[in-house]
Amino acid sequence: MSVLIVDGANVVGSVPDGWWRDRRGAAERLRDLLARRAPSADEEVVLVVEGAAKGVESVPGVRVDAAPGSGDDRIVELAAAYAGRDCVVVTSDRELRARVRAYGAQCVGPRAVRPGS
């Protein structure tokens, strides 16, 4: 089973659409977009949220993981937990990309899941 880990704050922030006025709402819209992309039965999708976006609920096809602290640190923890599996992290954060690649994760930018990013 493969896993797609999405850096919610980074992907939401990749489009200047007013997300800063309603961070939780923006995270919910991203979650719903991820759910609509119809992940395959052998793919787990994890949306990592932090700060004002905490409280976003999981939906079928997308598990929302509220970081207890730094979202980047939580994503690294997840990448470490999934080491040895097909793991892709969605972020444009260069430092985070380097950190998760240390655990064998591949990285793609926000456009992979959010057109117009």
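Along the sequence shown, the residues carry numbers beginning at 1.
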Item to check | Sole candidate of L47, V45, L78 that passes side-chain contact (heavy atoms from CB on, under 4.5 Å) when paired with I5 | outcome: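 That would be L78.
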Checklist entry - Do you know which of V90, L96, V100 makes side-chain contact (heavy atoms from CB on, under 4.5 Å) with D7? => result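 That would be L96.
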Might you point out which heavy atoms bring [X] and [Y] nearest each other, and give the distance in Å?
X    : Y   : answer
W20  : R23 : O-NE, 4.1 Å
A52  : R24 : O-CB, 3.6 Å
Y103 : V76 : CE1-CG1, 3.8 Å
P110 : S14 : CB-OG, 3.7 Å
V12  : A26 : CG1-CB, 3.6 Å
V15  : W19 : O-CD1, 3.1 Å

Item to check | Selection residues 46-58 - residue pairs positive for side chain to side chain donor-acceptor pair (under 3.5 Å), sequence neighbours left out | outcome: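 Passing the test, one end in residues 46-58: no pairs.
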Checklist entry - Is the shortest distance from a Lys or Arg side-chain nitrogen in R97 or D72 to a carboxylate oxygen in the other one below 4.0 Å? => result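 Not counted as a salt bridge, because no side-chain N and carboxylate O are separated by less than 4.0 Å.
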Item to check | Salt bridge R63-D65, side-chain N to carboxylate O under 4.0 Å | outcome: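 Yes.
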Item to check | Linked, directly or transitively: V3 and I75 (ILVMFWY side chains, under 4.5 Å) | outcome: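 Yes; tracing contacts between hydrophobic side chains, which count when under 4.5 Å, links both residues.
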Item to check | Partners passing salt bridge (charged side-chain N to carboxylate O under 4.0 Å, His left out) against R85 (at least two apart in sequence or in another chain) | outcome: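 For R85, the residues satisfying salt bridge (charged side-chain N to carboxylate O under 4.0 Å, His left out) (neighbours in sequence not counted) are E44.
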Checklist entry - What residues form a salt bridge (charged side-chain N to carboxylate O under 4.0 Å, His left out) with R99, not counting sequence neighbours? => result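 For R99 the salt bridge (charged side-chain N to carboxylate O under 4.0 Å, His left out) partners, ignoring immediate neighbours, are D73.
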Next on the checklist: Assess the residue pair V113 and V11 against the criterion (side-chain contact (heavy atoms from CB on, under 4.5 Å)); give the C-alpha distance rounded to whole Å, side-chain angles, the decisive distance to 0.1 Å, and a yes or no.
Outcome noted: CA-CA 8 Å; V113 296; V11 175; 4.2 Å; yes
Item to check | Any donor-acceptor pair under 3.5 Å from R31 side chain to V59 backbone | outcome: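 No; judged by distance alone, with no hydrogens or angles, the pair does not exist.
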Next on the checklist: I'd like to know if the side chain of N10 reaches the main chain of T91, judged simply by a donor and an acceptor atom lying under 3.5 Å from each other, with no hydrogens or angles considered.
Outcome noted: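 Between the backbone of T91 and the side chain of N10 there is no qualifying donor-acceptor contact (under 3.5 Å).
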Checklist entry - When you look at V49 and L30, which way does the side-chain contact (heavy atoms from CB on, under 4.5 Å) test go after all the steps? => result CA-CA 11 Å; V49 297; L30 175 58; over 6 Å; no
Next on the checklist: side-chain contact (heavy atoms from CB on, under 4.5 Å), that's the test. Do R37 and E43 meet it? Break it down for me.
Outcome noted: CA-CA 12 Å; R37 74 179 267 284; E43 179 185 49; 3.3 Å; yes
Next on the checklist: Run the side-chain contact (heavy atoms from CB on, under 4.5 Å) test on V108 and V88 for me, step by step, so that the C-alpha distance in whole Å, both residues' side-chain angles and the decisive distance to 0.1 Å come before the verdict.
Outcome noted: CA-CA 7 Å; V108 296; V88 176; 3.8 Å; yes
Checklist entry - What is the distance from atom OG of S2 to atom OH of Y82, rounded to the nearest 0.5 Å? => result 10.5 Å
